[in-house]
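For reference, the structure is listed below as structure tokens.
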Amino acid sequence: MESNNGLPAKFPELKNDAFLKAARGEQTDFVPVWCMRQAGRYLPEFRETRAGQDFFETCQNPELCCKLTLQPIQRFALDAAIIFSDILVVPQAMGMEVVMTPGKGPTFPQPLADPADLSRLRERVDVHRHLGYVFRAITLTRHRLEGRVPLIGFSGAPWTLMTYMIEGGGSPTQSRAKRWLYQHPEASHRLLSSLTGVIVDYLVGQVAAGAQALQVFESHAGCLGPTQFSEFALPYLREIATRVKQGLRDAGLELVPMIVFAKDGHFALKDLANSGYEVVGLDWTISPKLARQQTGDEVTLQGNLDPCALYSPKERLCELAGEMVRAFGTRRYIANLGHGIYPDMEPEHLGAFVDAVHRHSRSINAA
Ligand code: CP3
């Protein structure tokens with residue numbers, strides 16, 4: 001039986017379920033590993049595919065997204081793929097213009113200046129109409145993966161997206177966006193709520209399209225203190241977990257593991273461990289031991305090697321990977337970097353890291 005664009009109606013059978021098992025807290029033979037930004041500029045084949053093309057046009061092209069997603073999987077023994085896209089496609093779907101300026105990063109020519117600007121946003125976003133290209137990329141990629149590893153879908157979290165929509169790009173302080181929290185708390189909550197609604201539909205749509213796990217990136221958690229995090233970030237992260245699960249049940253879809261990654265947010269780890277996500281992602285600024293103490297036995301932890309450890313000579317890198325695996329333990333653990341890999345990193349060093357995680361965890365399990 002064939003459906004959408006000549007693709008079979010059923011997805012290929014999954015051959016490596018270590019990542020999904022670890023996310024659910026089940027024992028695995030080895031610790032699964034993947035890497036944030038694994039489809040990225042550190043790979044020469046990525047640079048070649050991206051060359052001369054606009055970033056967001058690439059995101060809108062399912063064939064190219066699929067190709068870029070598969071590149072690191074073809075090179076390394078990674079245990080999960082993450083769909084090539086960007087968190088800023090959500091503000092675009094809400095009606096904002098975003099361009100990728102080479103050397104500068106994402107830029108919004110007309111950021112939100114004050115609460116009156118909220119009227120510029122679409123009140124209701126039909127994610128199938130405005131983000132259908134991501135769903136098509138996911139479906140195509142899930143087929144082309146041929147069951148080798150599971151496919152992760154993702155979204156930015158409301159607070160992180162709000163910072164971009166107000167700052168208009170990257171910012172060292174996020175002070176314009178934080179100004180809203182102090183001067184316009186009510187409008188801030190309105191914006192965060194609308195973002196939450198779109199994100200929920202978007203994530204449910206990704207699972208319907210074939211995503212087998214979901215990660216929510218709260219990359220700008222660290223500029224909030226504990227009080228503001230509990231008021232402006234955590235409630236929306238919780239709401240996303242609850243409503244996505246409900247949305248999946250309502251649509252007759254199976255639940256998938258959800259990962260929350262709040263960068264520099266370890267002041268909130270206890271709360272994050274109880275926020276409805278199966279996996280909590282960690283940056284490198286917390287020790288595995290302290291993270292386990294804070295989060296208890298009910299969630300899987302993901303992380304957290306300093307990305308710069310990839311600059312080490314390979315032998316040292318393998319030792320560091322081994323120390324990390326021993327410190328986290330081989331149960332309820334998914335190895336990753338503490339943030340995305342940088343463009344100037346040696347691809348073979350990622351391969352060495354992946355292999356070291358597998359080797360060390362197998363030998364710990366065998367002992
Ligand atoms: O992890 C993956 O391999 C999947 C793809 C992915 C991208 N962006 C591709 C991308 C994911 C998960 C993201 C998420 C994303 N995008 C985040 C959250 C994660 C994090 O890093 O905290 C954020 C904050 C963004 C916004 C964004 N997009 C930034 C800050 C940049 C870098 C700009 C620059 O030039 O350095 C991007 C661009 C981007 N997104 C690239 C990639 C591979 C590089 C640009 C390119 O390919 O030309």
Side-chain angles (χ1 to χ4, degrees), residues 23 35-37 82 87-88 90 152 154-167 170-182 185 188-189 191-193 195-196 199 203 213-242 244 257-296 298-308 324 327-328 332-340:
C35 160
M36 288 186 272
R37 288 275 169 93
I82 180 163
I87 60 168
L88 300 177
V90 166
I152 306 171
F154 70 88
S155 173
W159 161 247
T160 295
L161 294 179
M162 172 173 166
T163 62
Y164 276 107
M165 292 161 85
I166 294 173
E167 299 286 342
S171 152
T173 58
Q174 313 296 346
S175 58
R176 279 184 213 174
K178 287 181 71 182
R179 177 203 282 254
W180 274 51
L181 305 184
Y182 289 102
S188 297
H189 280 299
L191 174 54
L192 292 163
S193 285
L195 279 160
T196 300
I199 292 164
L203 291 174
L214 296 169
Q215 175 152 322
V216 179
F217 286 92
E218 189 69 286
S219 302
H220 296 168
C223 63
L224 298 177
T227 310
Q228 283 191 315
F229 186 85
S230 348
E231 181 175 352
F232 296 104
L234 187 63
Y236 299 100
L237 289 169
R238 283 213 170 99
E239 191 177 332
I240 289 167
T242 312
V244 166
M258 294 181 70
I259 308 165
V260 62
F261 174 64
K263 185 164 180 297
D264 297 316
H266 43 75
F267 55 82
L269 264 190
K270 267 190 192 153
D271 287 330
L272 288 166
N274 292 296
S275 59
Y277 293 79
E278 286 67 29
V279 183
V280 175
L282 303 168
D283 64 64
W284 66 93
T285 61
I286 188 162
S287 73
K289 194 169 159 214
L290 187 56
R292 282 281 188 215
Q293 279 169 5
Q294 303 268 308
T295 54
E298 296 299 309
V299 291
T300 293
L301 295 179
Q302 173 179 282
N304 74 341
L305 193 75
D306 179 358
C308 292
M324 178 177 77
F328 277 107
R332 278 207 176 280
Y333 176 50
I334 296 163
N336 203 315
L337 303 179
H339 200 195

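Just so it is clear, the structure is predicted and the values come from calculations on it, not from any experiment. Keep in mind that the numbers below use all heavy atoms, side chains included, and drop hydrogens, waters and symmetry copies.
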Steps toward side-chain contact (heavy atoms from CB on, under 4.5 Å) verdict (V216, Y236): CA-CA 11 Å; V216 179; Y236 299 100; over 6 Å; no

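When every heavy atom of V299 is checked against every heavy atom of A273, the shortest pair comes out as CG1-O, 3.4 Å. When all heavy atoms are compared, the tightest approach of M165 to L191 is CE-CD1, 4.0 Å. The nearest pair of heavy atoms linking L203 to S155 is CD2-CB, 3.7 Å.
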Which donor-acceptor pairs under 3.5 Å do the side chains of residues 157-164 make with protein atoms, sequence neighbours left out?
from	atom 1	to	atom 2	distance (Å)
W159	NE1	H220	O	2.8
T160	OG1	E218	OE1	2.5
T160	OG1	S219	N	3.0
T160	OG1	H220	N	3.1
T163	OG1	T160	O	2.5
T163	OG1	H220	ND1	2.8

Compile the donor-acceptor pairs under 3.5 Å between side chains in residues 258-268 and protein atoms, sequence neighbours left out, one pair per line.
from	atom 1	to	atom 2	distance (Å)
H266	NE2	T285	OG1	2.9

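Note: E231 CD to L181 CG = 8.0 Å, rounded to the nearest 0.5 Å. Note: F232 CZ to L192 CG = 7.5 Å, rounded to the nearest 0.5 Å. Rounding to the nearest 0.5 Å places CG of L269 at 6.0 Å from CD of Q294. Atom CG of L282 and atom CG of L290 lie 10.0 Å apart (nearest 0.5 Å). Atom CG of L234 is separated from atom CD of E239 by 11.5 Å, given to the nearest 0.5 angstrom. To the nearest 0.5 Å, atom OG of residue S175 and atom OH of residue Y182 are 12.0 Å apart.
No hydrogens or angles considered: nothing links the side chains of Q302 and Y333 as a donor-acceptor pair under 3.5 Å.
Proximity of a side-chain donor or acceptor of R292 to a complementary backbone N or O of F328 within less than 3.5 Å is detected. Distance alone, capped at 3.5 Å, is enough to place a donor-acceptor pair between the S188 side chain and the W180 backbone. The closest donor-acceptor contact from the side chain of N304 to the backbone of I286 lies under 3.5 Å. Looking at Y277, its side chain never comes within 3.5 Å of a backbone N or O of R238 through a donor-acceptor pair. No donor-acceptor pair under 3.5 Å is formed between the side chain of K270 and the backbone N or O of T295.
With contacts defined as side-chain heavy-atom distances shorter than 4.5 Å, the pair V279/L301 does not qualify. Between C35 and L337 the shortest side-chain heavy-atom distance falls below 4.5 Å. In this structure, V90 and L195 have side chains that are in contact, with non-hydrogen atoms separated by less than 4.5 Å. Considering only heavy atoms from C-beta on, I82 comes within 4.5 Å of F154 through its side chain.
Classification of the H339-W284 ring pair by plane angle, with boundaries at 30° and 60°, yields parallel.
For S171, the side-chain contact (heavy atoms from CB on, under 4.5 Å) criterion is met by E167, T173, Q174, not counting sequence neighbours.
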